[in-house]
Protein chains: 2
Amino acid sequence: MEKKTKRNKYATLNDVAKLADTSIATVSYILNGSTKRYVTAELRERVLEAVKELNYMKSAVASSLKGKDRGILAVLVPQFDNPFFTKIIVAIEEVVHRYGYFISISTTVDDIGKEKEIIDKMIGQRVDGFIISPTIQGTENTDHLRRLGIPYVITERPLSGIAQYDFVGCDNWGCGYTATKHLIENGHKKIGFIGWNTLTNVGERENGYYAAMEECGLQVKKDWIELGSLDTVSGYQMMQHMLKTDVSAIVLGSHILAEGGIQLLREENISIPNDISTVIIGTPNWTRLSVPTFTCVHQLEHKIGTMAAEILMKNILNTEEDLSWHHEKLACELIIGESVKKMN
Amino acid sequence: MEKKTKRNKYATLNDVAKLADTSIATVSYILNGSTKRYVTAELRERVLEAVKELNYMKSAVASSLKGKDRGILAVLVPQFDNPFFTKIIVAIEEVVHRYGYFISISTTVDDIGKEKEIIDKMIGQRVDGFIISPTIQGTENTDHLRRLGIPYVITERPLSGIAQYDFVGCDNWGCGYTATKHLIENGHKKIGFIGWNTLTNVGERENGYYAAMEECGLQVKKDWIELGSLDTVSGYQMMQHMLKTDVSAIVLGSHILAEGGIQLLREENISIPNDISTVIIGTPNWTRLSVPTFTCVHQLEHKIGTMAAEILMKNILNTEEDLSWHHEKLACELIIGESVKKMN
DNA sequence: ATTGCTCAGGGAAACGTTTACATATTTTTA
DNA sequence: TAAAAATATGTAAACGTTTCCCTGAGCAAT
């Protein structure tokens, strides 16, 4: 049976009007349920039947040419097979769906060129707004949005050097601080930090670590800090270096790095928490399922997504009560697992 | 600093034409790089400058009214915080981005009503095609697409009772068969199966299990089969029942059920693989990171996404050599971990 | 001197909606 | 009973593109 290749034409208002023997204006009013128009039940019936008969489906493309909102939001993330972003997106979708909008997700793979490409294409589509976890190579792309007056909300990664924009992310400083403090409270004094060095928000995690150490009067040795790139291989390598030091506990600055690092620990038969304690920043599923379960600092991804979407929708629909810029940093939560040994 | 609420107007072809002191036709030809038009370098320059000056960004909305492709594909999945679908989507995005298209992802939460709602909205947007992992409550929604002549490709969950459509999924029968066969080859004879009962594709997994058992002359006891709903809670409960039986090994029909089931095993301090062996269908990350690592049947999600996207794009662009319907069932791969004990 | 090219560019009609405005028939109200 | 209001519908002008069809000028070959 061969595949049909011809594409059917969509029925138009005109087709419907002809079949129902009326005018397109009447059809349009009926279909939009407008109250500005009196229509006899009989005619309404005829029109509705014609619609069904012809499989008429209104073209949002044509409507939005007439100034109607598109009903589309663009969401840009670095990657979306990253549970952190996936969870944010799930929340965004829940919210915007309630508003009758939908989202178009694209991944920038942390490349400012691709980011620009995507943003331009989305502007071309006249999307109503953007939710962006921006790349860190610059702010030109969001500058462009601001110039054009297109509403946008930034998530997770703050823009540097710019004050006037809406932001929702987690308190990365707090993440680092909480993780470190927890280890200290369990009697650890020699604590390592594995992170990466390209993002300002992770720099914050590192600063939180330093703050906790300092607050407790603990000196930080240089080789307790490892910064690499954000992938499992790098996590693996940083853990190799870390094992040559004298730390008794490690803050794993990201779940991706944690995956690599823990892989190494397993290969070397190093026991968690007996040989080394860890706290992971981030809470992917596997931290609950593995043996041992992991102590993690949980970021409220769902709430980030929800808030970002609400702010954007209100901005678009102009229903915002509060006209100042949002700058929300959501607190993190410590989730106790079995990966931290109590020292005495 | 208060938030600006006024939305800037986009510059139009007309604006550009006026500023460059020419006609919109000329501008359009220049911007589209058409060869059907002779234009002096000087005028071209003027136009390009006006474009920059005005921040002109062509409206894909208006173009597509004139019959141009939208450049949008709709992707529908039951959920996307499910690594199985996430991976498919990542692959789809890679492919369509190469074609200069982009995707709009929505989740149906396995509800045929919401599925219809989304499909209608997407048709309204005049998307060029669909990639759908359909709900199982019926085929009306895809029937509708077929009636309208809109290209679509089905992934993972075959439509029942319909022959003429493009399909890409994995060989679920093979998944069940491979998992079971592996356990048998390791000397297990009393093997349980935990699955769920609402999807035809999972029924296939169960059938593969039966086939392997039968092939090896092994009788299946009724209480070795547990079917529930697709969530961790159900997985947990089914494992409870399973533990009351005499099985030495279990095929976990989905990674979601596996999460619940393994949770219980951990709580009860039942050792894998010493007390019980497991093979999981599906390969989320944690199966490699936990202790022990898990033996899994790997489904080629990335390839599913790639093929589905290629088929759809070729269909849309009419570059298809082969006009018969695709019906691809990708073979699975056994990945050996430490969760199966060798019996003798 | 008339054709017939190649260049260079403008005019205007679609595409499928929305909506302001106009028209015509009833019904109500003063 | 005439004017005003309510009811019921049609016409046509946008919206921002694309593209077909013109108009002219300059030049070479009849």
Side-chain angles (χ1 to χ4, degrees), chain A residues 7-48 50-51 54-71 121 123-128 148, chain B residues 7-48 50-51 54-71 121 123-128 148:
Chain A
R7 201 88 57 85
N8 298 355
K9 292 292 290 176
Y10 289 98
T12 72
L13 267 192
N14 218 318
D15 300 332
V16 175
K18 254 182 225 160
L19 183 59
D21 192 32
T22 178
S23 71
I24 60 170
T26 303
V27 178
S28 175
Y29 282 118
I30 291 177
L31 262 32
N32 292 324
S34 172
T35 53
K36 309 178 76 176
R37 193 85 167 178
Y38 303 99
V39 175
T40 56
E42 194 263 334
L43 178 53
R44 181 188 308 278
E45 201 47 46
R46 246 174 35 231
V47 166
L48 261 24
V51 165
L54 295 172
N55 271 317
Y56 171 79
M57 310 227 78
K58 168 157 92 177
S59 162
V61 175
S63 324
S64 68
L65 232 205
K66 285 293 297 180
K68 297 283 152 194
D69 266 1
R70 299 280 288 113
K121 190 163 264 168
I123 294 176
Q125 296 289 342
R126 297 295 188 263
V127 296
D128 303 299
L148 290 169
Chain B
R7 198 89 58 86
N8 297 354
K9 291 293 291 177
Y10 288 98
T12 72
L13 267 192
N14 220 317
D15 300 331
V16 175
K18 253 182 227 161
L19 183 59
D21 192 33
T22 178
S23 71
I24 60 169
T26 303
V27 177
S28 176
Y29 282 119
I30 290 177
L31 261 32
N32 292 324
S34 172
T35 53
K36 309 178 77 178
R37 193 83 164 181
Y38 303 99
V39 175
T40 56
E42 194 264 337
L43 177 54
R44 181 187 307 278
E45 199 48 44
R46 241 167 46 225
V47 166
L48 260 25
V51 165
L54 295 172
N55 272 316
Y56 171 77
M57 311 225 77
K58 169 157 92 177
S59 162
V61 175
S63 329
S64 70
L65 231 205
K66 286 290 299 179
K68 297 285 153 190
D69 266 0
R70 298 281 289 118
K121 191 163 261 167
I123 294 176
Q125 296 290 342
R126 297 297 189 260
V127 296
D128 303 301
L148 290 170

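Proteins come first, then strands; the chains are lettered A, B, ... in the order of their sequence lines, and each starts at number 1.
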Nearest whole Å is fine: how far is [N] [atom2] from [X] [atom1]?
X	N	atom1	atom2	answer
A/Leu54	C/dG16	CG	P	13 Å
A/Leu31	C/dT17	CG	P	9 Å
B/Leu13	C/dG9	CG	C1'	15 Å
B/Arg70	D/dT17	CZ	C1'	13 Å
B/Leu43	C/dC7	CG	P	17 Å
A/Lys18	D/dG10	NZ	P	14 Å
B/Asp21	C/dG10	CG	C1'	12 Å
B/Asp69	D/dT17	CG	C1'	15 Å

Just N and O in the side chain of [X]: are any of them under 4.0 Å from OP1 or OP2 of [N]?
X	N	result
B/Ser23	C/dG11	no
B/Ser63	D/dG16	no
B/Ser64	D/dT17	no

Base, sugar-phosphate, or nothing: which does [X] touch, judged by heavy atoms less than 4.0 Å apart?
X	value
A/Ser28	base
B/Thr22	sugar-phosphate
A/Asn14	nothing
A/Ser59	sugar-phosphate

For A/Asp128 and A/Asp69, indicate whether the former's side chain and the latter's backbone hold a donor-acceptor pair under 3.5 Å.
no
So, A/Arg70 side chain and A/Gln125 main chain: donor-acceptor pair closer than 3.5 Å or not?
yes
Heavy-atom closest contact ([X] atom, [Y] atom, distance):
X	Y	value
B/Val61	A/Ser64	CG1-OG, 3.3 Å
A/Ala17	A/Ile24	CB-N, 3.7 Å
A/Ala11	B/Arg126	O-NH2, 4.4 Å
B/Leu65	A/Leu65	CD1-CD1, 3.3 Å

Within residues 13-28 of chain A or reaching into it, pairs that qualify as salt bridge (Lys or Arg N to Asp or Glu O under 4.0 Å) - sequence neighbours excluded
none
Heavy-atom contacts, protein to nucleotides 23-28 of chain C, under 4.0 Å, summarised as B (base), S (sugar-phosphate only) or - (none) per nt, yield ------
How does protein contact run along nucleotides 20-28 of chain D, one letter per nucleotide 5' to 3', with B for base contact, S for sugar-phosphate only, - for none, heavy atoms under 4.0 Å?
BB-------
At a cut-off of 3.5 Å, list every protein nitrogen or oxygen paired with a nitrogen or oxygen from nucleotides 13-15 of chain C, distance to 0.1 Å.
unit_1 : atom_1 : unit_2  : atom_2 : d
C/dA14 : N3     : B/Lys66 : NZ     : 2.9

Who are the side chain to side chain contact (heavy atoms under 4.5 Å, CB included) partners of A/Arg37, not counting sequence neighbours?
A/Ala25, A/Thr26, A/Tyr29, A/Val39
Decide side chain to side chain contact (heavy atoms under 4.5 Å, CB included) for A/Asn32 and A/Lys58; before the verdict, give the C-alpha distance in whole Å, the side-chain angles of both, and the deciding distance to 0.1 Å.
CA-CA 10 Å; A/Asn32 292 324; A/Lys58 168 157 92 177; 2.6 Å; yes
Would you tabulate the pairs of protein nitrogen or oxygen atoms and nucleotide nitrogen or oxygen atoms of nucleotides 4-6 of chain D closer than 3.5 angstrom?
none

Between [atom1] on residue [X] and [atom2] on residue [Y], distance to nearest 0.5 Å:
X	Y	atom1	atom2	answer
A/Leu13	A/Ser59	CG	OG	9.5 Å
B/Leu48	B/Leu31	CG	CG	7.0 Å
B/Leu148	A/Asn55	CG	CG	5.0 Å

If you apply the rule side chain to side chain contact (heavy atoms under 4.5 Å, CB included), what do you find for A/Tyr56 with A/Val27, and how did you get there?
CA-CA 11 Å; A/Tyr56 171 79; A/Val27 178; 5.8 Å; no
Take A/Ile30 and A/Val51 through the test side chain to side chain contact (heavy atoms under 4.5 Å, CB included) and record every step on the way to the result.
CA-CA 11 Å; A/Ile30 291 177; A/Val51 165; over 6 Å; no
Side chain to side chain contact (heavy atoms under 4.5 Å, CB included) assessment of A/Val16 paired with A/Leu19:
CA-CA 5 Å; A/Val16 175; A/Leu19 183 59; 5.9 Å; no
